[in-house]
Visitor: 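This is the structure, below, for whatever I ask next.
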Amino acid sequence: MNLSDLPAMRAAQDPDGPAIADESVEMTNAEFRSAVVVAAGVLRSRGIAPGDVVAIMLPNSVSFVVGLFAAWRVGATVTPVNPSLAAGEVAHQLADSAAKLVVTAPECVAALPASVDAITDLGAHSGDIEVPGGEPSSLDLALLIYTSGTTGRPKGVMLDYGNLAAMCAMMIEVFEFDGAAHSLLILPLFHVNGIVVSILSPLLSGGRVTIAGRFDAASFFERVERSRPTYFSGVPTIFAKLAALPGESAPDTSSLRFAVCGAAPASSELLGRFEDRFGVPIVEGYGLSEGTCASTVNPLRGERKPGTVGPPLPGQSIRVVGSDGSEVGPGALGEVQVQGRNVMRGYLNRPEETAATITDGWLRTGDIGYLDENGYLTLVDRAKDMLIRGGENIYPKEIENVVHQLPEVFEAAVVGRPHPLLGEEPVLVVSPSDGAILNEDEIRAHLHGKISKFKIPVAIVIADSLPKNPVGKIDKTVLRKRFAAELV
């Protein structure tokens with residue numbers, strides 16, 4: 001089934017069944033289909049044709065999802081734009097993707113270049129609104145997802161309909177989605193995780209979606225009790241904030257079958273605190289935008305191994321490759337590589353970077369890890385985050401995991417600072433849990449004896465909070481810049 005036909009299919013099968021809701025709108029399947037048809041007519045009236053690129057620059061809302069399916073209905077490719085980007089960043093994405101039209105909110109128009117065609121209402125259309133659904137092939141582009149740009153200017157990840165279909169099929173199988181699936185979306189829709197895990201997969205399985213808007217830890221469980229979702233997907237920071245909620249209240253989480261933790265490695269201590277307090281199992285997964293979201297996940301049924309990100313998803317292969325390019329055995333460190341129909345078509349207009357990233361069908365992730373004898377993947381660190389101190393490799397995540405054993409620590413990040421003789425030295429930046437007081441000497445004493453002496457940070461900085469990128473990951477690039485001057 002084509003994704004562009006999904007709203008029509010749901011409306012035909014169960015017109016009065018719930019489809020999608022946000023803070024202010026609830027739509028049945030029939031209403032969802034009608035909204036998509038009207039929006040498609042609006043796009044067609046603005047000259048959007050098959051092969052064009054439509055940018056959607058909206059906060060998480062039903063309107064975003066309607067715009068997504070409307071663009072697909074007229075055969076267009078969608079590039080989601082983070083509404084909080086600076087004007088220059090927005091201009092780069094729109095120019096690089098050659099977006100012909102931007103679907104946005106009135107308050108976002110000021111951030112757009114004057115030359116860009118924008119529309120703020122997909123529901124205003126008269127005349128013939130019945131736009132036939134397209135018949136895209138599996139190789140037609142569906143999404144252009146822009147990377148966070150930590151290694152340079154953001155690149156457009158080309159995901160075709162075959163990528164999305166394969167990824168959703170994997171999600172539906174591994175999470176056992178059916179008509180009862182009900183996602184609570186709290187991650188941003190400008191990222192592929194939000195689109196695939198929380199929107200497309202439940203809708204394809206016959207389930208429903210509730211969009212919670214901006215995440216707020218204090219009111220999160222009230223929304224869970226009100227909406228009764230069966231799962232949600234988050235990042236480590238979200239689970240840390242929820243686990244740190246004050247008081248001993250016991251919210252009703254009985255509707256939740258599980259939660260997914262991804263986007264960045266989480267400590268087993270954090271996952272354990274959340275599960276013990278709220279009784280909701282967390283399955284930790286791993287993936288990249290270049291792999292259409294996910295490549296491994298700890299199983300719902302079977303052994304969940306804390307500290308690992310689980311075995312490969314069905315239909316994918318994972319291997320670990322050493323510095324000489326050959327595959328290494330269980331327990332040996334190397335670069336994690338991924339193969340499967342979920343691997344992107346490539347980077348838009350960047351053939352050289354595509355060729356360097358996808359070799360012989362294998363996606364080079366840039367992540368360092370190892371597989372155990374059962375095929376479970378453990379991530380050690382990003383290759384670009386690894387420090388080399390006097391010829392010794394230091395993996396920041398190893399230090400961060402030990403620091404997270406202290407309950408007073410909310411978040412921790414290790415970055416490198418230049419050293420004239422050793423090359424680099426590790427620096428630790430931590431933020432305290434609510435009400436906790438962090439002491440540098442106590443942190444240092446905790447580290448001694450648990451990690452090698454050469455891995456002990458040369459400086460420990462206690463900060464109120466750590467910077468995040470738009471997806472919610474700790475932004476180590478910002479940290480390096482912020483603390484470089486004072487740590488020299």
Side-chain angles (χ1 to χ4, degrees), residues 148 150-151 236 263-270 284 286 288 306-309 320-324 328 330-337 364-372 377-406 409-431 438 440-463 466-469 473-488:
S148 57
T150 55
T151 57
S267 68
S268 55
E269 288 78 15
L270 167 61
E284 191 177 6
Y286 159 74
L288 300 85
T308 79
V309 290
V320 176
V321 174
S323 58
D324 62 354
V328 299
L333 284 177
E335 183 188 33
V336 179
Q337 299 188 353
R364 301 187 60 184
T365 67
D367 291 313
I368 302 298
Y370 63 89
L371 294 166
D372 68 13
L377 177 65
T378 296
L379 296 175
V380 175
D381 225 318
R382 288 286 295 168
K384 66 182 180 64
D385 287 339
M386 184 187 75
L387 313 178
I388 302 178
R389 183 187 192 188
E392 297 279 3
N393 291 350
I394 298 177
Y395 295 100
K397 184 172 181 287
E398 179 185 5
I399 305 171
E400 293 159 5
N401 284 343
V402 176
V403 174
H404 272 296
Q405 294 171 359
L406 294 169
V409 172
F410 179 59
E411 291 181 313
V414 172
V415 296
R417 75 175 187 190
H419 188 277
L421 296 178
L422 299 176
E424 290 179 295
E425 293 180 314
V427 172
L428 170 65
V429 186
V430 295
S431 65
L438 289 176
E440 179 180 341
D441 292 337
E442 292 177 358
I443 295 173
R444 197 174 297 281
H446 173 74
L447 290 172
H448 277 285
K450 294 184 173 66
I451 57 176
S452 302
K453 186 177 180 180
F454 74 89
K455 300 176 183 176
I456 300 292
V458 297
I460 297 176
V461 177
I462 298 173
L466 273 63
K468 310 295 189 308
N469 69 14
K473 300 179 186 179
I474 295 173
D475 195 328
K476 291 190 174 182
T477 301
V478 170
L479 278 180
R480 293 184 188 101
K481 294 178 180 178
R482 178 182 298 180
F483 294 107
E486 67 183 77
L487 294 176
V488 172

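Every heavy atom of this structure was used, including side-chain atoms; hydrogens, water molecules and symmetry mates were not. Keep in mind the model is a prediction, meaning the values are calculated, not measured.
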Visitor: When rounded to the nearest 0.5 angstrom, what is the spacing between NE2 in H404 and NZ in K397?
Guide: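 So the gap between those two atoms works out to 9.5 Å.
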Visitor: Do Y370 and I368 have side chains that approach each other closer than 4.5 Å (heavy atoms only, starting at C-beta)?
Guide: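 Side chain of Y370 against side chain of I368, heavy atoms only: no contact under 4.5 Å found.
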Visitor: Enter the distance from E269:CD to N401:CG here, rounded to the nearest 0.5 Å.
Guide: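 If I round to the nearest 0.5 Å, the distance is 7.0 Å.
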Visitor: Using 0.5 Å steps for rounding, measure from the CG atom of L428 to the CG atom of L447.
Guide: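 Reported to 0.5 Å precision, the distance equals 7.0 Å.
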Visitor: Where the side chain of E400 meets the backbone of V414, is there a donor-acceptor pair that is under 3.5 Å apart?
Guide: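 Present.
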Visitor: Nearest heavy-atom pair of G369 and V336: which atoms, and what distance?
Guide: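 Smallest interatomic distance, heavy atoms only, reads N-CG2, 3.9 Å.
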Visitor: Between H448 (side chain) and I456 (backbone), is there a donor-acceptor pair under 3.5 Å?
Guide: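 The answer is no, because no donor-acceptor pair under 3.5 Å joins these two groups.
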Visitor: Determine, step by step, whether V427 and V458 satisfy the side chain to side chain contact (heavy atoms under 4.5 Å, CB included) criterion, reporting the C-alpha distance in whole Å, the side-chain angles of both residues, the deciding distance to 0.1 Å, and the verdict.
Guide: CA-CA 6 Å; V427 172; V458 297; 4.2 Å; yes
Visitor: How close do V430 and V403 get, heavy atom to heavy atom, and via which atoms?
Guide: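 Of all heavy-atom pairs spanning V430 and V403, the closest is CG1-CG1, 3.9 Å.
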Visitor: How long is the straight-line distance from OG1 of T365 back to CG of L377, given to the nearest 0.5 Å?
Guide: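 If I round to the nearest 0.5 Å, the distance is 8.5 Å.
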Visitor: How long is the span from the CD1 atom in I399 to the CD1 atom in I394, to the nearest 0.5 Å?
Guide: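 Output value for this atom pair is 5.5 Å.
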Visitor: Report the distance from atom CG of L270 to atom CD of E284, rounding to the nearest 0.5 Å.
Guide: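 Here the rounded value is 9.0 Å.
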Visitor: For A413 versus L466, what's the shortest heavy-atom pair and its separation?
Guide: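 Nearest pair, atom of A413 first, then L466: CB-CD2, 3.8 Å.
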Visitor: For I474, does its backbone N or O pair with a side-chain atom of K476 as donor and acceptor, under 3.5 Å?
Guide: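 No, because the side chain of K476 does not come within donor-acceptor range (under 3.5 Å) of the backbone of I474.
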